[in-house]
Amino acid sequence: MSRPQYISRKQELPLKGDSTSIFLQVIISISVFIFAITLSGVLSINTMLYNWNQSILGSLTVQIMPINDVNKERATAQTLAHQDKAIELLQTVKGIIKVTPLSNEQLKELIQPWLGDGVNINNLPIPRIIDVKLAADAEIDFADLAQKLAQASPQASLDNHKLWLSKLIDFADGLKLIASTVLILVILITSGAIFYTTQMSLGLHRHIIEILHIMGAKDTYVAQQYGKRMAWLGFCGGLFGMLLAIPTIFFIGSLAVRIEGGIISDATLGLVDWGIIFSLPIFSMLIAMYTAYYTVKRTLQKML
Amino acid sequence: MAENNNIIEMQNVGIRYDQGPEVLSDIKLSLKKGSFHFLTGKSGAGKTSLLSMMYLAQKPSRGSMSVFGKNINFTNRDNLASLRRRIGVVFQDFRLLDHLSAFDNVALPLRVCGMDEREIRKRVTELLNWVELDAHMQDTPDTLSGGEKQRIAIARAVINRPELLLADEPTGNVDNFIATKLMKLFVELNKLGTTVVIATHSEKLINDFSYPCLHLQNRSLHIIRPNGYSMLREQNNV
Ligand SMILES: Nc1ncnc2c1ncn2[C@@H]1O[C@H](COP(=O)(O)OP(=O)(O)O)[C@@H](O)[C@H]1O
Ligand SMILES: [Mg+2]
């Protein structure tokens, strides 16, 4: 009566001896590795998109290049005429709520750091600037707007940076879609592998399962033993894959930082993002557990 | 049909394997609660097939069957499992789990229904003492003799105090002395209320214990009482 017997209790189903265990762990490790890297990509694209969207939201500027003419006054008048045409167009665009050309004083202020006080704006060939306020929910097609502006006035042009960013956002959105598809595929492939190895294992241990069945074991009794075992494999495999993925993510990050322009440096992972990546072993554990559990319940109904 | 009268009811039951011919046809049988039967018939007559329908491992391919008053065609998987827990089975080839100790093998039916481990330990130790296998509690079946394995198989069958005990040639591999001892155990259990069916070849056993025989021949069931030379055949009623 020293030690309680149940401490040394052996599992009725010797699942630890299954030769498929190693195979599954490798599959799960690779899956979680790919998943973590792809996910970190999606998450950083998200941060990037958020930053970019913030910077193109709310407002934009339109430049009117000055007309060159020896007669300064005529030149200014022509430039202002082009500005009026641009304003006229901008006011018809849906999503634009306010169009304000910068006044001479405002322009002076802008060039003051370079040219000092006391310059006569009208005698200088400097661009005119129109400040445009956008509605919060405005969905502006920047490329289309740029084209329309050019038609209205050859002197007018849309702020370059925004146009370029908006194209980049479309590209990043596409990347995100592809990456999300990869994420779903990885989950499907992993649960597929778990499904088939579980079925194989059920066949392998059929003689034991039949005895348990005749003794009155319900399907959940067997399913729970498989669920537990697969949860363990899912966790270990997931942990290993995640531990491999973390240095890889840092490495990719360090490559990205070397790209000039600070565009990619917007793509950092936040605390929540890292939290999600660190919880991947739990996630793979749950997927492995539930897949095995439902595979057993389904298969036993056909088998016995 | 009431649960308290008939443990097993079969009506026009037939069984076949895959697309083969029927192994048993038109079986009609009522097993009364507390009864004791031998099940006889040549090798291949279908004794194991009949028993496996009774312990709910095989479904009849036709006919209707009730176990403990429940028509099994209208009983769901979980409730069938509950019915199986009330039945103890000794298999012809024991079917012990080789990687488990004698203790764990006997504990199986109790664990399957989720009994508390302390209670399991108490019951299993007690029973293994009783069948004189306490010294081999932690041994695996492959290190034990045929007779010892058999006692483990029987201990596993009775550990859950079954209402129905089905034994498939349990005395096939042991000498007459042990066979008689085992029979006495079954008789004791029967006196405590367990309904018993024992498949056997042994003429001696049948002659020593004057219980009715269910005899399988030509795919059908005949009920015979071993009253010396008068082999009384009946279709129904025990
Ligand atoms: N699993 C099975 N698959 C196919 N045929 C079987 C199976 N089990 C038994 N049989 C056949 O059914 C008949 C009866 O077998 P069985 O019930 O084992 O008889 P017994 O136990 O009286 O020797 C035999 O002809 C046997 O070949
Ligand atoms: Mg047999």
Would you find more than 12 non-hydrogen atoms of other residues, nucleotides or ligands less than 6.0 Å from [X] atom [atom1]?
| X | atom1 | answer |
| --- | --- | --- |
| Tyr50(A) | OH | no |
| Arg123(B) | CZ | yes |
| Ile22(A) | CD1 | no |
| Tyr290(A) | OH | no |
| Glu139(A) | CD | no |

Next item on the list: Apply side chain to side chain contact (heavy atoms under 4.5 Å, CB included) to Asp93(B) and list each qualifying residue two or more places apart in sequence or on a separate chain.
Entry: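 Phe91(B), Arg95(B).
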Next item on the list: For side-chain contact (heavy atoms from CB on, under 4.5 Å), just list the numbers for Arg84(B) and Lys218(A), CA-CA rounded to whole Å, side-chain angles, deciding distance to a tenth of an Å, and then say yes or no.
Entry: CA-CA 10 Å; Arg84(B) 289 188 190 99; Lys218(A) 295 186 175 167; over 6 Å; no
Next item on the list: For residues Met215(A) and Arg111(B), determine if any side-chain heavy atom of one lies less than 4.5 Å from a side-chain heavy atom of the other.
Entry: no
About how many Å separate [atom2] of [Y] and [atom1] of [X], when rounded to the nearest 0.5 Å?
| X | Y | atom1 | atom2 | value |
| --- | --- | --- | --- | --- |
| Leu97(B) | His205(A) | CG | NE2 | 11.5 Å |
| Leu304(A) | Gln58(B) | CG | CD | 10.5 Å |
| Leu96(B) | Ile211(A) | CG | CD1 | 7.5 Å |

Notebook entry, point to check: Under 3.5 Å, is there a donor-acceptor pair between the side chain of His99(B) and the main chain of Glu12(A)?
Noted result: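 Here the side-chain-to-backbone pair exists.
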Notebook entry, point to check: Which members of residues 74-83 of chain B, sorted by number, sit under 4.5 angstrom from chain A on a heavy-atom basis?
Noted result: Arg77(B), Asp78(B), Ala81(B), Ser82(B)
